[in-house]
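A short write-up of the structure that comes next.
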Amino acid sequence: MLELQGIAVSPGVAVGKALVFDREGYSIDRCLISKEETASEWQRLVTAVERAHRALADRGEKTSASWGADLGGIFTAQQQLLVDPHIRSEMDHLIRDNLYSAEYAVSEVFAKYAAAFRKASSSFLAERAADVRDVERTLLEALTGKPAQTLKSLMNEAIVVSHDLTPGETASFDPEKVLAICTEAGGPGGHTAIVARGMEIPAVVGVGNFLHNIRSGDEVIIDGHLGRIFVSPDQATLDRYRERRMARASIVSQLSELKDFPATTTDGVRVELMANVEFPNEAQASLTRGADGVGLYRTEFLYLGHDTEPSEEDHYLAYLKVLKDMQGRPVVIRTLDLGADKMGQTRPIEPENNPFLGLRSIRLSLRNPSLFRVQVRAILRAACAGDCRIMFPMVTTLDEFRSAKFLLRSVTEDLVSEGVRVPSSLQVGMMVEVPAAVLMLDRFIEEIDFVSIGTNDLTQYTLAVDRSNDSVADLYQACDPAVLRLIQRTQQITSEHGKSTSVCGEMSNNPAYALLLVGMGIRTLSLAPSAIPVIKKAIRSVTLGQCEAMAWRALRLGTAREVDAFLMNQLAGLVPEIVLQA
Ligand code: PEP
Ligand code: MG
């Protein structure tokens, strides 16, 4: 049995067979051949190289005809890579001397070259890694005679194990088949983690290098509560986890009984629990968890996991469904937050060195007004179907907010002149995710209707920690006193001006942090639907005074570690029944 520790990002426990998935969709087993087979194996590879060469030439011709010789030239470069003498001799060596199967040799050699390119300091070379993997994929297709397996079309249930997964790939999973996810890379605040949570797939990320220790078909346990992974677990561990799953299932069923009760403290203070949703069908699911509305609809997921850009009609139908499903409850539609780790079909022309500081979110929408207008038209057309509110993400300057509002006004005028019914008034809010927005909030406040604090990005930008990087995951702490002070200041300014503030970052999913936020004056939390029952239970177990005392003390501590330890201790005292045992 092999035991590993990673970062728990989506709760739940899964036991099942591993599917080792590489980015190209091939699961390559470490398959060895006999000495006698080496000549025929090499010949098989040579034939596949010829076939792949023809396939690339064909792709190049078609691309040149449709898009010009510059783009077609990409495939000429890929053909050269395919017949590169160094690559060829390394594959030859692995087959003849190490007795690797042709597929295994291809995947080893190309993975090595792709990794070398990725590490290159020049972004031009780093981008070539994608070409290397493309050539590998074409060659594997020629070798196996099968197109790459996609996780969209899995035949059997599996635990997906991979070096990394993009949010788009994760979004395309079939949650009926993917029992859990486990990746070598990835940090606690990355969007892959958020998607997994939204889809209620247990997930552990940031495990570090371990793929060489696991093969497709191995039995695995993924513990998404504690971040543990067991490869080929022994019977005692399997039995322990079976018992734990039963105990957790019983807590979940007890909590589900709170569905129709409000999140009210024992002394009568009402807290709204709204849902964060990424996909339209989550709205319905959030109602079954007892949500008071949708506090954050991450609309950029319409672009992720799909090959083509959504049309205005696609946007419209998605928004209409969410608004109708929520039956008059508030729905906050956040405009596109594309860029950084959420790449849709609209990519920056040049790869960015610092994508989280680059053309993402509201910046990308403002830079692409035609894309932005399509979305805003669809929101306005759907808005009369419910209590629709609109929110702009990652606003940093007043100019950005004003430009976004200007576009909203102009689209409204267009629709009115076309005779389309739009709401007579619409609440317009902004996300507070950048320290600059907090510092300038007293200037924003007159122009906005509400604020939602995105603590995932606020933590990233305040502490200068990449939210999806496992090497700095220990520094990524939403309960850091610096982040808490920014939340406190935001709450003070908005309440002085009679505007509402919610917190929609992942910290709202944590019962101890949720009580802290209530103690700091926050009365609306927006969180993963699956976390609503446990947060409701926590709030219904305490008084406002207890939450305020927690906040008073936490805000006087000096480090994230002290704050976290203090809050966990308080939670264990106040609501012991929801504290999970290790
Ligand atoms: C946040 O940054 O806290 C947030 C809610 O937005 P996202 O996680 O989608 O960046
Ligand atoms: Mg954000």
Side-chain angles (χ1 to χ4, degrees), residues 9-10 166-168 170-171 186-199 203 205 273-279 282 286 294-305 332-344 355-365 389-396 400 404 429-438 450-469 476-480 483-484 486-487 490-491 501-510 513-514 517 522 524-529 531:
V9 291
S10 178
T166 66
T170 312
H191 285 98
T192 300
I194 289 170
V195 179
R197 210 170 297 138
M199 295 170 82
V205 302
L273 294 186
M274 313 281 277
N276 288 351
V277 302
E278 285 80 41
F279 310 102
E282 278 182 278
S286 75
V294 168
L296 169 66
Y297 177 8
R298 291 184 164 102
T299 58
E300 57 280 3
F301 280 87
L302 282 168
Y303 287 74
L304 306 177
V332 179
I333 301 186
R334 177 176 78 177
T335 64
L336 297 173
D337 187 33
L338 285 168
D341 65 341
K342 289 184 284 194
M343 289 315 303
F356 276 107
L357 300 181
L359 194 57
R360 70 167 288 215
S361 202
I362 191 71
R363 302 171 184 174
L364 190 123
S365 295
R389 303 165 189 192
I390 190 164
M391 174 162 78
F392 300 122
M394 212 186 124
V395 175
T396 308
E400 282 170 348
M430 68 180 253
M431 290 199 70
V432 165
E433 316 191 75
V434 181
V438 182
F450 65 92
V451 151
S452 191
I453 308 178
T455 49
N456 306 335
D457 276 315
L458 190 61
T459 305
Q460 157 164 272
Y461 294 126
T462 304
L463 303 177
V465 186
D466 178 346
R467 58 192 274 188
S468 45
N469 182 342
Y476 182 82
Q477 301 289 349
C479 67
D480 190 282
V483 180
L484 298 186
L486 292 173
I487 297 173
T490 305
Q491 156 61 17
T501 303
S502 68
V503 173
C504 64
E506 299 305 297
M507 78 184 290
S508 299
N509 295 326
N510 177 319
Y513 295 3
L517 292 168
I522 302 288
T524 306
L525 298 172
S526 194
L527 54 154

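Atom set for the values below is all heavy atoms of this structure, side chains included, hydrogens, waters and symmetry mates excluded. First listed ligand is number 1; within each ligand, the first listed atom is number 1.
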Taking 4.0 angstrom as the limit, do Asp337 and Arg298 come out as a salt bridge? no
Would you compute the distance between atom NZ of Lys342 and atom CZ of Arg360 and round it to the nearest 0.5 angstrom? 6.0 Å
Worked verdict on Ser502 versus Ser452 for side chain to side chain donor-acceptor pair (under 3.5 Å): CA-CA 5 Å; Ser502 68; Ser452 191; 2.8 Å; yes
Output, in order, the C-alpha distance, side-chain angles, deciding distance and verdict of side chain to side chain donor-acceptor pair (under 3.5 Å) for Arg467 and His191. CA-CA 9 Å; Arg467 58 192 274 188; His191 285 98; 3.2 Å; yes
Can a side-chain donor-acceptor contact be found between Gln477 and Asp480 if the only test is distance below 3.5 angstrom? no
Looking at Asp457, which of its N, O or S atoms is the nearest one to the Mg ion (ligand 2)? OD2
I'd like the atom pairs linking ligand 1 to the protein - N or O on both sides, separation under 3.5 Å - with distances to 0.1 Å.
unit_1	atom_1	unit_2	atom_2	d
ligand 1	2 (O)	Glu433	OE1	2.7
ligand 1	2 (O)	Asp457	N	2.9
ligand 1	2 (O)	Asp457	OD2	3.0
ligand 1	3 (O)	Gly454	O	3.3
ligand 1	3 (O)	Thr455	N	3.1
ligand 1	3 (O)	Asn456	N	2.7
ligand 1	3 (O)	Asn456	ND2	3.2
ligand 1	6 (O)	Arg334	NH1	2.9
ligand 1	8 (O)	His191	NE2	3.4
ligand 1	8 (O)	Arg298	NH2	2.9
ligand 1	8 (O)	Asn456	ND2	2.9
ligand 1	8 (O)	Arg467	NH2	2.8
ligand 1	9 (O)	His191	NE2	3.1
ligand 1	9 (O)	Arg298	NE	2.7
ligand 1	9 (O)	Arg298	NH2	3.4
ligand 1	9 (O)	Arg334	NH1	3.2
ligand 1	9 (O)	Arg334	NH2	2.8
ligand 1	9 (O)	Lys342	NZ	3.3
ligand 1	10 (O)	His191	NE2	3.0
ligand 1	10 (O)	Asp457	OD2	3.0
ligand 1	10 (O)	Arg467	NH1	2.9

Quick one: do the Asp457 and Thr459 side chains pair a donor with an acceptor below 3.5 Å? no
Of all the N, O or S atoms in Glu433, the one nearest to the Mg ion (ligand 2) is OE1
Note, Ile522 side chain near Thr501 side chain (heavy atom, < 4.5 Å): yes
